[in-house]
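Notes follow the structure.
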Amino acid sequence: MSFEHIHGQEHAKRILQNGLKNEQVSHAYIFHGPPGTGKRATAFAFAKALLCQHQLEQACGECLECRKVDSGNHTGVHLIVPEGSTVKIDQIRQLQKQFSYRNASGGSVQVYIIEEAEKMTTQAANSLLKFLEEPGSAIVAILLTVNGQALLPTIRSRAQSVAFTPLSPLVMAPALIAEGLSAALVLPAVRLAAGLSAARE
């Protein structure tokens, strides 16, 4: 998955690609917007571009680093999802432990993606805040949330906000039909969904 495979979200992609092009990547991002608008896919596309051996505005998709990200085997990409109903402090501490070890041993960029970041417990959020206040030079955080305002103001102030907006049904319908889905199912789905992944469900 690269930026070119993500439908819509041109503004979000432009922000990220400009950062790559100008070598001005933030140490933390908040991707916020309705479910199904491509936040997770974009996070992985961005992570892949950061790790790509060719250092382009988007991942080449061919080098060893890109193939590792695609296969889910890259040690530089860490995905955190809620355990039960929350993201817990132990998950953040484990992440910090991994990064402190990697910083000591050197290595390439490390990217961590937190899904449903609004579900962090207060303790987890405060632990993450300390992490963001003293970022490693080669660590990039991406927080995914439907509601950026649900995150601590202190976290929001230390991260770049990237908005994801609902896709037009006129964009979604042809893309889903091209995937082989029935038009009879697609047309009502795209009226109810904010993005392709939500419409597929």
Side-chain angles (χ1 to χ4, degrees), residues 1 3 6-20 22 24-50 77-96 99 109-136 139-169 171-172 189-201:
M1 175 70 70
F3 289 127
I6 296 166
H7 290 274
Q9 309 307 340
E10 299 307 321
H11 179 67
K13 290 188 287 186
R14 195 177 309 117
I15 290 172
L16 301 173
Q17 289 184 294
N18 283 343
L20 291 164
N22 299 320
Q24 293 180 333
V25 173
S26 174
H27 72 282
Y29 294 87
I30 297 171
F31 290 7
H32 59 93
T37 47
K39 297 187 295 292
R40 179 174 178 169
T42 304
F44 275 95
F46 187 46
K48 191 159 73 165
L50 286 167
V77 181
H78 310 263
L79 177 65
I80 297 175
V81 298
E83 287 184 355
S85 60
T86 59
V87 175
K88 297 174 173 57
I89 188 171
D90 287 345
Q91 293 176 271
I92 304 300
R93 284 176 174 163
Q94 180 60 33
L95 187 71
Q96 292 167 331
F99 284 158
V109 175
Q110 299 286 308
V111 182
Y112 63 96
I113 301 166
I114 303 181
E115 279 203 298
E116 300 182 86
E118 73 278 4
K119 294 185 177 179
M120 283 187 289
T121 64
T122 301
Q123 295 91 337
N126 284 326
S127 183
L128 178 67
L129 179 60
K130 292 177 185 174
F131 207 11
L132 295 178
E133 286 172 338
E134 301 172 4
I139 296 175
V140 177
I142 307 174
L143 312 184
L144 312 182
T145 178
V146 295
N147 179 13
Q149 296 301 311
L151 300 174
L152 290 177
T154 42
I155 288 179
R156 297 201 308 269
S157 70
R158 286 166 175 76
Q160 183 170 354
S161 175
V162 181
F164 284 71
T165 55
L167 287 184
S168 164
V171 172
M172 290 191 285
V190 296
R191 293 192 190 100
L192 298 172
L196 288 173
S197 60
R200 289 188 190 102
E201 296 172 2

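Side-chain atoms are counted along with the backbone in the values below, which use heavy atoms only and exclude waters and symmetry mates.
The OG1 atom of T86 lies 10.5 Å from the CD atom of E116; values are rounded to the nearest 0.5 Å. The CG atom of D90 sits 12.5 Å away from the CG atom of L95 when rounded to the nearest 0.5 Å. Between L129 atom CG and L151 atom CG the span is 11.5 Å, to the nearest 0.5 Å. Atoms CG and OG1, from L16 and T42 in turn, are 7.5 Å apart once rounded to the nearest 0.5 Å. With rounding to the nearest 0.5 angstrom, the CG atom of N126 is 7.5 Å from the CD1 atom of I155. Going from atom CD1 of I80 over to atom CE of M120 covers 9.0 Å, rounded to the nearest 0.5 Å.
Nearest heavy atom pair, residue L152 against residue A125, reads CD1-CB, 3.7 Å. Nearest heavy atoms, V87 versus V81: CG2-C, 4.4 Å. Considering all non-hydrogen atoms of both residues, V190 and P169 come closest at O-CG, 3.7 Å. Nearest heavy atoms, A12 versus V162: CB-CG1, 3.5 Å.
For the pair T121 (side chain) and A124 (backbone), a donor-acceptor distance under 3.5 Å is present. Side chain of K39 to main chain of P34: a donor-acceptor pair is present (N/O by atom type, distance under 3.5 Å, no hydrogens or angles). A side-chain donor-acceptor contact under 3.5 Å links Q9 to the backbone of T37. Checking side-chain atoms of R158 against main-chain N and O of E133 turns up no donor-acceptor pair under 3.5 Å. Judged by distance alone, with hydrogens and angles left aside, the side-chain atoms of Q160 form no donor-acceptor pair with the main-chain N or O of I15 at under 3.5 Å.
When each of K88, Q91, K119, E118 is checked for a side-chain contact (heavy atoms from CB on, under 4.5 Å) with P82, only K119 meets the rule.
Counting heavy atoms from C-beta on, the side chains of P153 and R156 come closer than 4.5 Å. For the pair T145 and L143, the minimum side-chain heavy-atom distance is 4.5 Å or more. The closest side-chain heavy-atom distance from I113 to R40 is not below 4.5 Å. Side-chain contact between T154 and L132 is absent, with no heavy atoms from C-beta onward closer than 4.5 Å. Inter-residue side-chain proximity for V111 and F46 is flagged as unmet; no heavy-atom pair is nearer than 4.5 Å. Counting heavy atoms from C-beta on, the side chains of I114 and L128 come closer than 4.5 Å.
Ionic pairing of E10 and K13 is present here: one or more N-O contacts between side-chain nitrogen and carboxylate oxygen are shorter than 4.0 angstrom.
Ring geometry for Y112 versus F131: interplanar angle under 30°, hence parallel rather than tilted (30 to 60°).
When the side chain to side chain contact (heavy atoms under 4.5 Å, CB included) test is applied to S161, the partners found at least two apart in sequence or on another chain are H32.
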